[in-house]
There are 2 protein chains.
Amino acid sequence: MHVPSAIRWHNECLELLDQRALPVEVVYLPIDSIEAAVTAIRTLAVRGAPAIGIAAAYALATSMRQVSQARFAGSLDAHGSRLKAARPTAVNLAWAVERLQARAAREPSYAALKAEAEAIHAEDRAICRAIGEAGRALIKPGTRVLTHCNAGALAVSELGTATAPLYLSHALGIPFKVYADETRPLLQGARLTAWELSQAGIDVTLLCDNAAASLMAAGEIDLVLVGTDRVTNNGDVINKIGTLNLAVLAWHFKVPFYVACPSSTFDPNTARGKDVTIEHRDANEVVNTRTAQVPAYNPAFDVTPAGLVTGLVTDRGLIEAPGDSDLPRYFGLI
Amino acid sequence: MHVPSAIRWHNECLELLDQRALPVEVVYLPIDSIEAAVTAIRTLAVRGAPAIGIAAAYALATSMRQVSQARFAGSLDAHGSRLKAARPTAVNLAWAVERLQARAAREPSYAALKAEAEAIHAEDRAICRAIGEAGRALIKPGTRVLTHCNAGALAVSELGTATAPLYLSHALGIPFKVYADETRPLLQGARLTAWELSQAGIDVTLLCDNAAASLMAAGEIDLVLVGTDRVTNNGDVINKIGTLNLAVLAWHFKVPFYVACPSSTFDPNTARGKDVTIEHRDANEVVNTRTAQVPAYNPAFDVTPAGLVTGLVTDRGLIEAPGDSDLPRYFGLI
């Protein structure tokens, strides 16, 4: 299995795989300033909740490398605020920034920030592996999995989240098939998920987002497995636009609907999905020279109610019927 | 209201608006042979069930213009077979060809074929107007309509089918809003529906196919109104891939789901939707240089079970709960 890493950190320099150029070009962007990091996050050069968190942690550390002790606290605060504003929906972004800030409150040094960022990265690898182990039983010989957007290695580290059970099962020689939604408007499924899975030798077929019902009606899907940007206190799932479509279809066609959810994606401070402000992106992602020149409705995310989710695949194990579970207790938060 | 016509017939020459070039270019293709007609139908230069029927009728007549009486019956048979094979799912195509053949059995002349084609075109205009009248009550002031693909003026003649209630309501000054699915992979919604509605001055907003659930969950859709390529004997609806997605979503979110259905689209000889062979189109409509190079699942149509359809909007009036209706009797076929 050979999948490029979304995040490179060597010689204390951060490089991000420019995911806008994939799969045509494999280009790494050097990130040597907060401006560069904010731009990379905002323009989706780096995307996926955990990858954004890891990238932000390294970027914040890097940006503090030359800062004098006198200006350390002030700069860290300013840089952190700018990073957090780059993608307000990504709870991991705020989480990573705040974790570095907490470390710096005890040890105000570049070395401490760097160590904390490296720890976040290492923990993420371990989390992906744990998610893979938790979800491995869902992938039986012959299972046909439908996924949406990219919650893969490119979105996280090493094994990805929604892809981790797939990579582990593939490594064990279990034969299965993946259908990847192309995921309009930015085609993360067509450009990223289909690419990384096929690079790893997994049998993957691409489809337009609107063809999912046709596949399910034909009995061709055994499992829907997606990632998430945020799970609210009651188990509602905020994920890429189109996830709610799949959840409703899966419910209708009685297909299990699972969400890979690293603990860091759980947000106990937001009661329900409807409390989350959904980011609306530029109309020109949908309207272009080939289309009519009309307004566009272009939300980046939708909210899947907990009641439509069969289970969460987490680094702490599988949670069935998350809407009926006490998630804060499960995640060790109370 | 100003919408270009999909089909032009003047000086006994057929021209088809090349819908692959819209909305960037407005180009009419001269159709002076069966080869040209088959290519136009197969490559979707002309599309939409009724427009294909009208175009095929004119094309078949035109192709017989120079044919001697001795070879008339044989040529008509051969040309008709080639046309019918161009798009086997479009029941109107076979219907129009067979209607001209029946006329020629009585009057084997170009003049008779031409008159029959002109009659089909005139009847289609009247049918669209009748569909518009049947569906007008669905459009109340402030109604927010979601549509898919193009069942508009470009797919039919004059008012279109699914668009006919919209055009009539707009002409009466009723304010309403249309959301048009972009309709991957060929973007008929983004290129055609959004364009023709905006040309007519109707308030239209474009969205990715996968954003429909998000709109419905927010209570922003009052009505789904789509066209159809074929309605089977039991009321199942064959229409553009993605229609079944919308029908399931509409069911889940309790949004009425109506299908505009000219009588000619009703196929009493096919018992159920699952008896229809669905056309699968080329993978390169989904897989391209921007995507991973993997196989694609690319059906052109899906089957919406009659039970998910609130009503059919036909030229003979509104049929509520078509799955529980005796459609052959309704359409005067028994």
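In what follows, chains carry the letters A, B, and so on, assigned in the order in which the sequence lines appear, proteins first and then strands, with residues in each chain numbered from 1.
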If only side-chain N and O atoms count, and only distance matters, is there a donor-acceptor pair under 3.5 Å linking B:D222 with B:T143? no

Testing the 3.5 Å rule here: is there a donor-acceptor pair between the side chains of B:D181 and B:T183? no

Does the pair B:D209/B:R184 count as a salt bridge with the N-to-O cut at 4.0 Å? no

Name the member of A:Q293, A:R290, A:K274 that forms the most heavy-atom pairs with chain B at distances under 4.5 Å. A:R290

Just to verify, which of A:V248, A:L308, A:V224 counts as forming a side-chain contact (heavy atoms from CB on, under 4.5 Å) with A:F257? A:V224

Side chain, backbone, both or neither: which part of B:P299 has a heavy atom under 4.5 Å from chain A? side chain

Under 4.5 Å between any side-chain heavy atoms of B:Y179 and B:E220, yes or no? yes

Under 4.5 Å from any heavy atom of chain A - which part of B:T289: backbone

Supply the atom-to-atom distance B:H170 NE2 to B:L159 CG, rounded to the nearest 0.5 angstrom. 12.5 Å

Turns out that what part of B:I278 lies under 4.5 Å from chain A's heavy atoms comes down to neither

Using a cut-off of under 4.5 Å for heavy-atom pairs, which of A:G189, A:A194, A:A247 has the most such pairs with chain B? A:A194

Which residue out of B:V294, B:I241, B:L207, B:D302 racks up the most heavy-atom pairs below 4.5 Å with chain A? B:I241

Side chain from CB out, backbone as N, CA, C, O: work out which of these in B:A211 comes under 4.5 Å of a heavy atom of chain A, or both, or neither. both

Contact winner vs chain B - A:E285, A:E196, A:H252, heavy-atom pairs under 4.5 Å: A:H252

Heavy-atom pairs under 4.5 Å with chain B, option from A:A218, A:A212, A:C208 with the top count: A:C208

A:R144 vs A:F176, side chain to side chain contact (heavy atoms under 4.5 Å, CB included): CA-CA, chis, key distance, verdict: CA-CA 6 Å; A:R144 296 151 303 177; A:F176 60 92; over 6 Å; no

If one checks every heavy atom of A:L187 against chain B at 4.5 Å, the contacting part turns out to be side chain

Is a salt bridge present between B:D267 and B:R230, judged by a nitrogen-to-oxygen distance below 4.0 Å? yes

Do B:N150 and B:Q19 have side-chain atoms, one donor and one acceptor, less than 3.5 Å apart? no

Identify which part of A:L215 has an atom lying under 4.5 Å from any heavy atom of chain B, answering side chain, backbone, both or neither. both

Among B:L197, B:L192, B:V286, who wins on heavy-atom pairs under 4.5 Å with chain A? B:V286

Most heavy-atom pairs under 4.5 angstrom with chain A, which of B:T205, B:T291, B:N245, B:V24? B:N245

Greatest number of heavy atom pairs closer than 4.5 Å to chain B - which of A:T193, A:L22, A:T304, A:L244: A:L244

